Amino acid sequence: MRIRALAFLLILSSSLFAQVTEQQLLQPPGKDWLTYNGSYNSQRNSELDQIKPSNIHSLVAQWAFHVNSGAPMQSVPIAVNGVLYFTQPNALYAIDGRSGRLIWDHHHPLVKVKDREGPQRGAAVYKDRVYYLTTDDYLIALNATTGSVVYEVKIAETTEGYSAPPAPFIAKGKVIVGVAPGDRGLNGWLEAYDADTGKKLWHWDAIPKPGEPGNETWAGDSWKHAGAATWMSGSYDPELNLYYLGLGNPSPDFNGDVRMGDNLYSECMVAIDLDTGKLKWYFQFTPHDMMDWDGSEVPVLVDAVYEGKMRKLLVQADRNGFYYVLDREMGKFLHGVPFVTQLNWASGLTAEGRPIRVPGIEPSLTGTKVCPSSIGAANWMSPAYNRDTNLFYVVALEGCGLATKNTETFRPGGFQYRAGGDVLLHNADWKVYVRALDLITGKLVWEQERVGNMGLGGGLLSTKTGLIFSGELNGQFVALDAKSGKTLWHFNTGEGINAQPMTYMVDGKQYVAIATNTTVFSFALLDHEKGAAK
Amino acid sequence: MRMRFTYSAFLVVGAFSYALAQSVVPKNPFGHGPEVVAEGHAIFNQTCTTCHGMDGSEGERAPALVGERRFFRLSENALYDTIKHGIPGTGMPALNLPDESIWKIVVFIRAMRSSASEVDVPGDVAHGKQVFSGKGGCVKCHMINGEGGTIGPDLSNIGAQITLKRMKEALTVDGPIPTGYQPVKVVTLKGTTIEGVAKNQDNFSIQLLDNQNHLHLLDRAELKSVEESKISLMPHNYDKVLSREEYNDLLAMLAKQATVNLHKKVEGDGEVGR
C-alpha cells in the first residue's frame, strides 16, 4: 500500500509543469517579467517591441483588478506565461494577464497587531512555485497553479521589531531574503534559503561583530543597535556569482554622536558571493550618515566601455544626491557626480568616492537645513537603463529638510530609534523629476517634471522601442520619449502610484501593467498587430 | 483606537460581572466526548426541533443554529443561560429541563458548530493517511502540506475550516460544485479540446486549470464550445466504496488537518482581520 502511494506521488511530481527555469531567469525581460526588476541586472529594459512611440497614442486600458482593503500596494507584478502574481502585505494574487480575472489568491492570517507593520514589494518565481514574504516574517512558498502552501519558514520575529518588505530574490535555486527596519535600532542581515526545501543555506550579518573587520567603525557598543536594513531585492551577476544590494541607514538615524566612526556596512553597496554568503567587497556611499539616507536604491548592472575599456559597471543614484559609477568586479569607485542641484552637505567626492563633507551641515539640536532632505534625492523607486540611448533614468527629488537631532535611546521591542528627524521644506523649489543621465558621466541629458507631485511616487520601465513608463504619486501613468523626455501618452488612474511598472506579452499581445494603491491596471494597443513572443 | 477602547471597556465590565457572579457560574460537568454529543443530539431532537429544525440546521420559527450568522452565542455558558432562561422579548422560551439535559444540548450545539479539528473524531489517523493516498485516491486531486494533486482544494487546513458534518457531506453527498472547481470541457476555434476545472470565468474569459496542472487563459471569443459538467469531480460515495473502518479512519485523519489557528489571540493585542 505504502509503496503504491509513493510511486503515485512520484508520478504526480514528475508531471508537474516546471514553469520557470534557471535559463529563463538569465534572460532580459521579454514575454515574461520574472523578477522584481525584470532581470538580474535590474535594467528594467524590455525586449518587447509592439508598443512604440509611433503607436502609443492608441494604448488603452484593458482591465483593472481591484484589491479590497489593506495597505497601499508597492508590488511589481511578476508575469509567467500570461499569469500575473502580485502581492499586497500578507496576500498574494494570481490573475489572468489577458482579462484581469482572479485565478487564485492566498491570504496569510496574522495574530498580533504588530504583525501587520511594513510594506510588501512583490513575489518571486522559480520552477512551479511562487514565493513571497509577509509582514510577520514568513517566507512562503506556494504552488504557482493553485496557491497551495508548499512551505512556510519563519525568518525573523515581529516581537523584536522586524518586518520583511522585499520581494524575495531567486538565483541558482536560492531564495535571498532581507529584513527591515533599521529605524528601530535593529541590525540588518541577509539569508539564503533552498528554494526547493526551505532549508536555510547561509546568513550574513550587515553589522560586523567584535573581532570582525569593520566593527572598529562603531564606537563602543553602538554596533549592537546599528541598523543597515536589507530593504530591497538586489541585482546579480551570474558570471561573477555576486549578489549586489544597497544597505540601509545606521541607527539612530539622525544622531551620529553615539556611534562615531564610518558605521560599516550601513549605506554600503555590498557584493555577496551567492553560494557562500561571504562579503566580496563593499563601497560606502555615506560614511557616518545622519540623514536616514538608506543606500538601498536599486543597483543597475551594465557592461559598458569606460575610459576606452569594456568594464563590468554598477551604477546607482543614491539617496544622498550623488550618482555613482563603480566597477562591480572589485567594487572600485570610478566616477560620481550630483544628480540634484539642491545638495549642500558635501562639496564633492574624493578620488576614492568618499564625500567631502561641508562642516556643520548635519542635524543639530536647534535645526539645520540639509539638502537633500531625509526623503532623499532618490529612494527605492526603480530606475531604468536603455542601452540604445545609453541613458540612465531615475526619479529624482529636489528638496531640503530642517534637520534636528535628539538624545533618544534604544528601547527593545521594535520601537522607533531615530533620535531626530527633519521638517520637509515644501517650498517652491521642492520638485520631483524623471531625469535621464548619461550612463558614464552622469550628466543630465533631459528632465521631465512630475508637476503637482510632492513625493517620489513610482519607478520607471524602459522598452527597447524608446519608451519610458513612469507612475506618478498623483495617479498619472505616463509614457515618455526615452530620447527627449517628451510626454507621449498619459492615463489618470485616479489613485496614488507607489510601485514600478512592468510589461509582458500574452498570445502575441504586449501589455504594460502597474499597481496603484489598490488596483492593478493593464494597458495594450487598441488594434495590436500580433507580434512574435520574445 | 476606538476598537481598543471598546475592548478595554468590555474587559472591565466583564471582570466586574464575573466578580459578582463567580460563586454561581454553572459549569459543564460532562466534558465534550462523543457520547455526550450523541445524548445531547437526542435531547435536542426531542426538544428543540419544532423551532430550530432537525439537527439545528433549518429553523422555521427560529434561527438555524449553524451556518453564517452575525451573532452566535459562542461560549458554553452563553448557550446554557439562553436555554435555561430563554431570550426575553423573543420566541425563545426558558426551557424547563434538568441541568444535565441542558448541558448535553450545549455540548451538542457546540460540537455541531465546531470545526472538525475541535471535535473528538474516533479513528486511526495513521491508517486514515494510508486510505488518503491509497484506496481512497484522494491524493490524486488534493494536496496536503505541499504533496498531492492540484485539481481539487488544498486540504492542509481542512479540519480547521469546516465542521465534521460538512466533512461527512463532502465525502458522501452529491452537493453543489464549489466556485473554482467547476469541471469544464472547451474546444478552441483551432479544434483543440481542453478539459479541467474553471478557476474563474465570466462572459468573456475562462481561467482553466487542466488535468495536467497547466493553466489556460482563455478568451471566450476564441472558443468553439464550452461544456460544463453537472457532476463534480469529487466522488460522493466514500461511505460505500470504503469499509466502515477505512471511512472512519479517513475522517479522523482529515479532521486532524489543521495548520492555522485563526482564533489564536495574544494578551494585550487586538485581533487583526485579513
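Chain naming here is simple, since letters A, B, ... match the order of the sequence lines and numbering starts at 1 in each. All of these numbers come straight from a predicted model, not from anything done at the bench.
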| Given the options A:Ser148, A:Gly82, A:Gly147, which has more heavy-atom pairs under 4.5 Å with chain B than any of the others? | A:Ser148

| Looking at residues at least two apart in the chain, or sitting in another chain, which of them share a salt bridge (Lys or Arg N to Asp or Glu O under 4.0 Å) with A:Arg121? | none

| field | Side chain / backbone / both / neither for A:Val149 at chain B, heavy atoms under 4.5 Å | value | backbone

| task | Assess the side chains of A:Gln120 and A:Ser75: does a donor N or O sit below 3.5 Å from an acceptor N or O? | result | no

| query | Do A:His107 and A:Asn90 meet the criterion of a side-chain donor-acceptor pair at a distance under 3.5 Å? | reply | no

| query | If you count heavy-atom pairs under 4.5 Å with chain B, which of A:Thr146, A:Val150, A:Asp96 comes out on top? | reply | A:Asp96

| said: Checking A:His106 against A:Tyr93: is there a side-chain donor and acceptor pair closer than 3.5 Å? | reply: no

| field | Atom group of B:Leu217 that falls short of 4.5 Å from chain A, counting heavy atoms | value | both

| query | chain A heavy atoms under 4.5 Å from B:Ile151: which part of the residue, side chain, backbone, both or neither? | reply | neither

| Counterpart residues, salt bridge (Lys or Arg N to Asp or Glu O under 4.0 Å), relative to B:Arg166 (two or more places apart) | B:Glu169

